[in-house]
Amino acid sequence: MDPIGLVDSINDAAIKIDSGRKGFAIVGEERKGRIAYEKGIAEALNAFKEAQVSANPQIIITAEYTFLTQELNLCDPSDKNALTSLKSAIESFDDAFRCLEVVENHVIYQEVEKTYRRHKSYRFKGFPKDAFHIACASHKARLSNSLKTVGLDPIEKSLLEQRTLNLTTAQNSYAQKQKTALIAP
C-alpha cells in the first residue's frame, strides 16, 4: 500500500464529491454534478476499502484524517456546525497519531498503561481506552449520526458505512499493538 497514493486518491475523491454536490445546484449542470459526485464516491470507497485491507491503524486513520481535512477545506465558512464538528474530529485524530507513536515503545507504554483505570468503561477489550480509541469511537458516532440522515444517497451511505468499518478495524489493530507493547519484556 502506497500511503502517498492513498492520500492523493482521497483528496481527489473529496474534491470530486464536493464539486458534484455543488453541481447539483446549478441549472443545466446537474448531470455533470451527478457524474463527478458518483465518481468521487466510488474513488473514496475504493481508497477506504484499500486502507481497511491493510489493517494498519496508521494507514486507516491517515485516510480518515485526509478526508476530514479536505472536507474542512471545502466546507462553507458559514456552516458553523460542520466546521466545529470537523475541527473536533481532526483534533481527536491528532491525539490518536500521538498514541500510535507511544504504543510503539513498549517501555514507555507499559508505564503509561499504569495511569489508566482498570474499570471496564476505561478499557477497550481489556486495554486502555486512550485517545486513539476515543477518537475512533467519537468519529464512529459522528458517522452513525450522518447515516441517520433522511434521504441519504445510497452510494454515500455505502461510503459512510465503509468509513465506520475502517474505524472498527483500526481499533482492533491498535488493540493488538497495545497487547504487543504490554507483553513485551
Of the non-hydrogen atoms in Ser146 and Thr149, which two are nearest, and what is the gap between them? O-OG1, 2.8 Å

Test of understanding: clusters of I, L, V, M, F, W, Y form through side-chain heavy atoms closer than 4.5 Å, transitively. Do Leu6 and Ile60 belong to the same one? no

How far does CG of Asp94 sit from NZ of Lys87, to the nearest 0.5 angstrom? 13.5 Å

Same cluster or not: are Phe93 and Leu86 linked, directly or through other Ile, Leu, Val, Met, Phe, Trp or Tyr residues, by side-chain heavy atoms under 4.5 angstrom apart? yes

Show which residues join Leu74 in its hydrophobic cluster (side-chain heavy-atom contacts under 4.5 Å, direct or indirect), or state none. Ile15

In sequence, state the C-alpha distance, the side-chain angles, and the governing distance for Ile41 and Glu38, and then conclude on side chain to side chain contact (heavy atoms under 4.5 Å, CB included). CA-CA 5 Å; Ile41 294 282; Glu38 288 180 3; 5.7 Å; no

To the nearest 0.5 Å, atom OG of Ser85 lies from atom CZ of Arg142 at 4.5 Å

Considering non-hydrogen atoms only, spot the tightest contact between Lys22 and Asp18 and give its length. NZ-OD2, 2.8 Å

Going only through I, L, V, M, F, W and Y residues with side-chain contacts under 4.5 Å, is there a path from Leu160 to Leu72? yes

Ile10, Leu159: one ILVMFWY side-chain cluster at the under-4.5 Å cut-off? yes

Looking at side-chain heavy atoms only, is the closest gap between Asn46 and Glu50 below 4.5 Å? no

Is Tyr116 atom OH crowded by more than 12 heavy atoms from other residues, nucleotides or ligands, each under 6.0 Å away? yes

Minimum heavy-atom separation for Thr169 and Ala55, please, with both atom names. CG2-CA, 4.0 Å

For the residue pair Leu165 and Glu161, establish whether any side-chain heavy-atom pair is separated by less than 4.5 Å. no

Output all residues satisfying side chain to side chain contact (heavy atoms under 4.5 Å, CB included) with Lys177, sequence neighbours left out; order by chain, then residue number. Pro57, Leu100, Val103, Glu104

When you check the side-chain N and O atoms of Asp130 and Tyr174, is any donor under 3.5 Å from an acceptor? yes

Would you say CZ of Arg31 has more than 12 non-hydrogen atoms from neighbouring residues, nucleotides or ligands within 6.0 angstrom? no

Measure across Leu152 and Leu147 and return the closest heavy-atom pair with its distance rounded to 0.1 Å. CD2-CA, 4.0 Å

Is the distance from the ring center of Phe67 to that of Phe48 below 6.0 Å? yes

So does Ile4 have more than 12 non-hydrogen atoms from other groups sitting under 6.0 Å from CD1? no

Tell me yes or no: between the side chains of Gln162 and Asn166, is some donor less than 3.5 Å from an acceptor? yes

Kindly say whether Thr84 contributes a backbone atom to a donor-acceptor pair with the side chain of Ser88 at under 3.5 angstrom? no

4.5 Å side-chain heavy-atom contact, His106 and Leu182: no

Heavy atoms of Lys114 and Gln110 approach each other most closely as CG-O, 3.5 Å

Measuring from Ile17:CD1 to Arg21:CZ, what's the distance to the nearest 0.5 Å? 6.0 Å

Rounded to the nearest 0.5 Å, how far apart are OG of Ser19 and CD1 of Ile35? 11.5 Å

What are the two closest non-hydrogen atoms of Leu83 and Pro77, and how far apart are they? CD1-O, 3.4 Å

Between Ser173 (side chain) and Ala170 (backbone), is there a donor-acceptor pair under 3.5 Å? no

To the nearest 0.5 Å, what is the distance between CD (Glu64) and CD1 (Ile61)? 10.0 Å

Less than 6.0 angstrom separating the ring centers of Phe97 and Phe132, yes or no? no

Knowing that exactly one of Lys140, Lys129, Lys125 qualifies, which makes a side-chain hydrogen bond (donor to acceptor under 3.5 Å, both in side chains) with Gln171? Lys140

Compare all side-chain heavy atoms of Arg123 with those of Pro128 and state whether any distance is below 4.5 angstrom. yes

Could you grab the distance from atom CD of Gln70 to atom CG of Asp12, nearest 0.5 Å is fine? 9.0 Å

Would Ser9 and Glu43 count as a side-chain hydrogen bond (donor to acceptor under 3.5 Å, both in side chains) if you check the C-alpha gap in whole Å, the side-chain angles of each, and the deciding distance to 0.1 Å? CA-CA 7 Å; Ser9 293; Glu43 286 178 16; over 6 Å; no

Any donor and acceptor pair, going by atom type alone, linking the side chain of Ser138 with main-chain N or O of Ala135 inside 3.5 Å? no

Heavy-atom distance under 4.5 Å between the side chains of Leu143 and Leu167, does that happen here? yes

ILVMFWY cluster, Ile155 and Leu45 together (side-chain gap under 4.5 Å): yes

Donor-acceptor side-chain pairing of His133 and Gln178 below 3.5 angstrom: yes

